[in-house]
There are 2 protein chains.
Amino acid sequence: MTTSLSPEDRLRAAGQRITSQRLLLLRLLDASDGHLDAESLFHAAQQEMPEINLSTIYRNLEVLTRAGLVAQRYFARDHSREYFELATTAEHYHFTCTQCGKIIEFETPLIAQVRSDLKRQHNVNIRHACICFEGLCPDCIPQSQP
Amino acid sequence: MTTSLSPEDRLRAAGQRITSQRLLLLRLLDASDGHLDAESLFHAAQQEMPEINLSTIYRNLEVLTRAGLVAQRYFARDHSREYFELATTAEHYHFTCTQCGKIIEFETPLIAQVRSDLKRQHNVNIRHACICFEGLCPDCIPQSQP
DNA sequence: TCCTTTTTGCGAATGATTTGCAAATATCGG
DNA sequence: CCGATATTTGCAAATCATTCGCAAAAAGGA
Ligand SMILES: [Mn+2]
Ligand SMILES: [Mn+2]
Ligand SMILES: [Zn+2]
Ligand SMILES: [Zn+2]
């Protein structure tokens, strides 16, 4: 069981340079529930660091993702925008409500099962998977007349 | 068991107007293995219809997708580009080789299982899912020394 | 502290997809 | 078959998230 490291130690452990922009990004992701896009992170970051640039956000999200500290996700049918969350949480998947935008996280061993079946049956080496669902959350499902 | 309808009948059955551009698009998708992007379909279409426009391709792919005749997919880690295939094939999922680009299709009942678990546990109404895997296909996995 | 490498801010570029518009086409009732 | 009406198309320009080139600033190591 790992005591969660400070942003600085996480960067160090990942062999990345420690910059105030990266620390800020990690702090913002720590503070949020995750599932933020570059633009939202940019706006949040500007509160503390008004001179920070959007391309710095993008570049660092890529660095952090490749370093394994952050996970990039797609939600909803429209994959036009990338979202990010800390990679520290356990493997889980997402359901997005197309009406209100709520994201429901869930776990299941079945995806791991799919992966191992796929690996065994087709002799492939799986490096990455994108699994997401969308539809209406309980609050947004129209009720039938009582 | 449905005898596969002609492109024209498929459009009619879906209540969409029959245009030569749409018929061509359906024919091209019929002829290919699917998994084509708008640009490839555009190039293929131009062979038979030199004046066809790329935005017509995009617009009709959306129409056909909404009509349920075509399915839109994302492949590879870079989801920056949409791919399409006929929606007539059985529910299946995709693995993309990041090295050679090959796409391996596979079936599994486990995803349906995930959906029903998700639906039951969170009372959501699932409308769409995006499931895709990527990595190295058998041909692209480096062999260890014999 | 000095030197070398990496990162940053800035502005411009990219590239897939979308959109406004007027001309062309499909559908349909007569 | 014909004309009126609703849709669709080709064209050109716009979007918009993400990427890039560059010179100045900051980080890390000796
Ligand atoms: Mn999550
Ligand atoms: Mn397929
Ligand atoms: Zn909702
Ligand atoms: Zn391959």
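The model shown is predicted, which means the values in this text are computed figures rather than measured ones.
Listed by first and then second residue, the salt bridge (charged side-chain N to carboxylate O under 4.0 Å, His left out) pairs involving residues 92-101 of chain B amount to none (not counting sequence neighbours). Each salt bridge (charged side-chain N to carboxylate O under 4.0 Å, His left out) pair with one or both residues in residues 88-108 of chain B, not counting sequence neighbours, appears once here: B:Lys102-B:Asp139. Residue pairs meeting the salt bridge (charged side-chain N to carboxylate O under 4.0 Å, His left out) criterion with at least one partner in residues 33-46 of chain B, sequence neighbours excluded, are B:Asp37-B:Arg81.
Under the 4.5 angstrom side-chain criterion for Ile, Leu, Val, Met, Phe, Trp and Tyr, the cluster partners of A:Ile103 are A:Phe75, A:Tyr83.
Comparing the local axis fitted to the first five base pairs of the helix from C:dT1-D:dA30 to C:dG30-D:dC1 with the one fitted to its last five gives a bend of 50°, rounded to 10°.
Note: CZ (A:Arg22) to P (D:dA25) measures 19 Å, nearest angstrom. One interatomic measurement links the two molecules: CG of B:Leu36 to P of C:dA16, which rounds to 15 Å at whole-angstrom precision. Rounded to a whole Å, the CZ atom of A:Arg12 is 17 Å from the C1' atom of C:dT6. Rounded to whole angstrom, the span from the CD atom of B:Glu82 across to the C1' atom of C:dT18 amounts to 11 Å. Put simply, CG on B:Leu25 is 13 Å from C1' on D:dT9, counting in whole angstrom units. For the pair B:Tyr74 OH and C:dA16 P, the interatomic distance rounds to 14 Å; values are reported in whole Å. Rounded to whole Å, the distance from CZ on A:Phe75 to P on D:dA17 is 17 Å. Here D:dC16 presents its P atom at 23 Å from NE2 of B:His79, a figure rounded to the nearest Å.
A:Glu134 meets the side-chain hydrogen bond (donor to acceptor under 3.5 Å, both in side chains) test with no other residue; sequence neighbours excluded. Checked against side-chain hydrogen bond (donor to acceptor under 3.5 Å, both in side chains), A:Asn123 has no partners two or more places apart in sequence or in another chain. Every residue two or more places apart in sequence or in another chain was checked for a side-chain hydrogen bond (donor to acceptor under 3.5 Å, both in side chains) with A:Gln121, and none qualifies. Residues that satisfy the ring pair (Phe, Tyr, Trp, His ring centres under 6.0 Å) test with B:His92, not counting sequence neighbours, are B:His94. Residues that satisfy the side-chain hydrogen bond (donor to acceptor under 3.5 Å, both in side chains) test with A:Ser20, not counting sequence neighbours, are absent from this structure.
Between the B:Arg22 side chain and the B:Arg17 main chain, a donor and an acceptor come within less than 3.5 Å of each other.
The stretch residues 37-64 of chain A comes close to DNA chain C through A:Glu51, A:Ile52, A:Asn53, A:Ser55, A:Thr56, A:Arg59, A:Asn60, each having a heavy atom under 4.0 Å from the strand. Taken residue by residue, residues 14-21 of chain A places heavy atoms nearer than 4.0 Å to DNA chain D at A:Arg17, A:Ile18.
Here the NE2-OH distance, from B:His79 to B:Tyr74, works out to 9.0 Å after rounding to the nearest 0.5 Å.
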